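Letters A, B, ... are given to chains in the order of the sequence lines, protein chains preceding strands, and every chain is numbered from 1. Predicted, not measured: the structure shown is a model, and the values here were computed from it.
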2 protein chains.
Amino acid sequence: MNQEQGKNPHVSHRASMNEVAERAGVSHQTVSRVINHSPNVSQATRERVEEVIRDLNYRPSNSARALVTRHTKTIGFIAGGVNYYGPISTMGAIESVARDHGFYLSVAILDEREYTRESFEEVADSFLDQGVEAFIFLAPTLPMVEAAVSANISQPRVVLTSTQLEGSAASHPGIKLIGIDQVTAARSVIDHLANLGHRRCVFFSGPQEWGDAAMRLRAWRRFSAEKRWDAQTVCMKSWDASESYEKARELFAGIPRDQLPTAIVTSNDLQAFGVCKALDELGIKVPEDISVVGFDDMPGSDYYTPALTTVRPDFDELGRTAMQELLGYMGGSEYSEYSKEQDKPPFTSHLIVRESSARPRAI
Amino acid sequence: MNQEQGKNPHVSHRASMNEVAERAGVSHQTVSRVINHSPNVSQATRERVEEVIRDLNYRPSNSARALVTRHTKTIGFIAGGVNYYGPISTMGAIESVARDHGFYLSVAILDEREYTRESFEEVADSFLDQGVEAFIFLAPTLPMVEAAVSANISQPRVVLTSTQLEGSAASHPGIKLIGIDQVTAARSVIDHLANLGHRRCVFFSGPQEWGDAAMRLRAWRRFSAEKRWDAQTVCMKSWDASESYEKARELFAGIPRDQLPTAIVTSNDLQAFGVCKALDELGIKVPEDISVVGFDDMPGSDYYTPALTTVRPDFDELGRTAMQELLGYMGGSEYSEYSKEQDKPPFTSHLIVRESSARPRAI
DNA sequence: AGCAACGTTGTGAACGTGAACGTAGCATGC
DNA sequence: GCATGCTACGTTCACGTTCACAACGTTGCT
């Protein structure tokens, strides 16, 4: 890329296959064969052609190639909720795998005002215009998941979500739903707290239109009931710290110590931050008086004061698998076995125990 | 997108312009005119053609169009450092503006192992194969900036960085460097602390191969000297909290109160977290004993304990401007004035004063 | 010698679109 | 009456590649 031998002192003219052919004294088809590594080219001509290619700084036209092969080597990625921490890692992994397999990733990032079915379909439509060969939808909210699944698209697609729509997805062949296993994640939190001796716990749910939040709440209800806990649920409309902060202040102000819950579980780390701050201001110590556990292990959670016990999903692995599934649908052969092999992929999150959770005072 | 009138019960055959033309009883050129909103089409034929287009679910082939117009409507975006908070917002803004102008964004995200010149050029090369019309480089580290600037590319490009390479960039026409104004940001931090009465301060620098870190350090040195502060600088190799935590413990353990600095400035919020945690464990109170100020206002900084005083750069505005600059280079007319108008764009960051900074004890 | 098989190369036609150009029809002007 | 201009189309070509097939020379076999 650094040496542009100034054979072309004029404007930046992009050489074509024919020019290469002429200059190398062969037909354009032979040049094509060299480019595509066809075995039926003699070593001599191959080298000659390759030299001309270097000289002219020739590169094949992707458009012309796509026109005849009908392969654009482009995958459309539509993401919502990327300002929250998790999805970003996933996206990085997706891109990395795509690039490793020679695919380009065309990206659309929806902001919160665009978390609608309309925006979703509009973007998908524009990607179809562009000619993407497949889709990856990062659909954190329910309306998006439905839009992603129901969109009338013939291209294969993977939908990343935590919601349970397996039934309806099964009816669409070529659609694969993949998501973090929130149930197991929630279970590990609850087991952890149970082992410490907690019985009276409060759960701060996330906004319920988000699949993650809904699944975590569901799992919470199920497991806390199983354990016959004295469990309470507080519904948040937001993922941010401010709402949980306000709510925690309101809930726990002036409550006698022995009537406080011994543990609080929030639906993400930001909410946990809000809760911790409220407790701090109320003179309630974490974890001595109340344990706090979050979700996601966002950057900074490890050096929060107190360091936050939380659950870290493997966002990277999620992204990688999603992309590999998709490539499997597209390529056909090599990945399909892989795909069948693990029907429920092991996206188990890891509980990270830090300072914010401990045995309750009176055990 | 939802109604696929089943006129084509067979495989998903993509209709061509000629089929539309035939069915509508016109020539393909007329169809082309309808698609491209040429004025020279009668209302009647236009409607007839549009109906056939809907019926056949026809969409123009981007490849064929790109082949003849030589416009792929695609912009390549190469980003490093996206796992850190700031760049993500920037990327979202970039994508949004691109989409608004009908451009697709092809994205490559480099992970830390790929922060090299080689990876950078390799990806740029693959984007050239794809046929992108322009580049946006998000180049947080010095080697990347150099790679981005020196790469032999005829397409226009914008490089997002905080380093000062204006001189060498000016020599390349068609390259525009844009970055957050770290100098002003640092100045606002120092003015804030000075106004509170601080004189003895410690600065935790970031990894110096990062432009942001280098600029912040430079500005720190300059302004703290101007104010004749008792200033000390500690060099960090990482942006993460762990290193600053260790260093702060080491630095401030067993120091008599009256010999401690009255304020600590870190190069980002994560480092500030680490410092605060160390101070907390050493029994040093923030802000009563020491004030702490960070950079970036990452999510959670507002509900840290104590809430962090920090500087919030306008990442969104940065991304928007970057994209508009680029479109200006490409489009030519409408944006060029805009580009000249503000040679140094006002990417002033905003100081957010929270709990972690206050007047020093003995003033 | 004749002929098949093979490896290497060339030829022509597609792919779907936009640009340049041509042309018919009709209204306007003198 | 005819030149002129405008509108609404059609025709032809070019974009740069791949694909199907043909053609060529060499080798090996009968």
## Note on the structure
Across all chains, not counting sequence neighbours, the side chain to side chain contact (heavy atoms under 4.5 Å, CB included) partners of Pro156(A) are Ala134(A), Leu326(A), Tyr329(A), Met330(A)
### side chain to side chain contact (heavy atoms under 4.5 Å, CB included) partners for Glu47(B), two or more places apart
Gln43(B)
## Note on the structure
residues 96-107 of chain A vs salt bridge (charged side-chain N to carboxylate O under 4.0 Å, His left out), sequence neighbours excluded, gives Glu95(A)-Arg99(A), Arg99(A)-Glu114(B)
### Query
Residues in side chain to side chain contact (heavy atoms under 4.5 Å, CB included) with Thr30(A), at least two apart?
Val26(A), Ser27(A), Arg33(A)
### Query
Can you name the one residue among Val107(B), Ile75(B), Leu160(B) that meets side chain to side chain contact (heavy atoms under 4.5 Å, CB included) with Ile94(B)?
Leu160(B)
### Proximity to DNA chain D (any heavy atom under 4.0 Å), residues of residues 60-73 of chain A only
Pro60(A), Ser61(A), Ala64(A), Arg65(A), Leu67(A), Val68(A), Thr69(A)
### Task
For the pair Arg157(B) (side chain) and Ala151(B) (backbone), establish whether a donor and an acceptor sit closer than 3.5 Å, ignoring hydrogens and angles.
yes
### Message
Could you work out, with side-chain hydrogen bond (donor to acceptor under 3.5 Å, both in side chains) as the rule, every residue matching Arg320(B), not counting sequence neighbours?
### Response
Glu317(B)
### Message
For Phe135(B), give me all partners under ring-ring contact (aromatic ring centres under 6.0 Å, His included), at least two apart in sequence or on another chain.
### Response
Phe137(B)
### Query
In whole angstroms, how far is the P atom of dT17(C) from the CZ atom of Arg59(B)?
12 Å
### Interatomic distance where CD belongs to Glu19(B) and P belongs to dA14(C) [whole Å]
15 Å
### Query
What's the CZ-C1' distance between Arg14(A) and dC15(D), to the nearest Å?
12 Å
### Query
At under 4.0 Å between heavy atoms, what does Met17(B) touch on the DNA or RNA strands: base, sugar-phosphate, or nothing?
sugar-phosphate
### Task
Return the set of residues passing side-chain hydrogen bond (donor to acceptor under 3.5 Å, both in side chains) with Ser119(A) (not counting sequence neighbours), or none when no residue passes.
Thr116(A)
### Query
Which residues pass the side-chain hydrogen bond (donor to acceptor under 3.5 Å, both in side chains) test with Thr45(B), sequence neighbours left out?
Ser42(B)
## Note on the structure
Per-nucleotide protein contact along nucleotides 4-12 of chain D, 5' to 3', at a 4.0 Å heavy-atom cut-off (B base, S sugar-phosphate only, - neither), is ----SBBBB
#### Entry: Under the side-chain hydrogen bond (donor to acceptor under 3.5 Å, both in side chains) test, residues paired with Thr90(A) that sit two or more places apart
none
### Task
For the helix from dA1(C)-dT30(D) to dC30(C)-dG1(D), figure out the bend between the end axes, five pairs an end, and round to 10 degrees.
50°
### Message
At less than 4.0 Å, is any side-chain N or O atom of Asn36(B) found next to OP1 or OP2 of dG18(C)? Yes or no.
### Response
yes
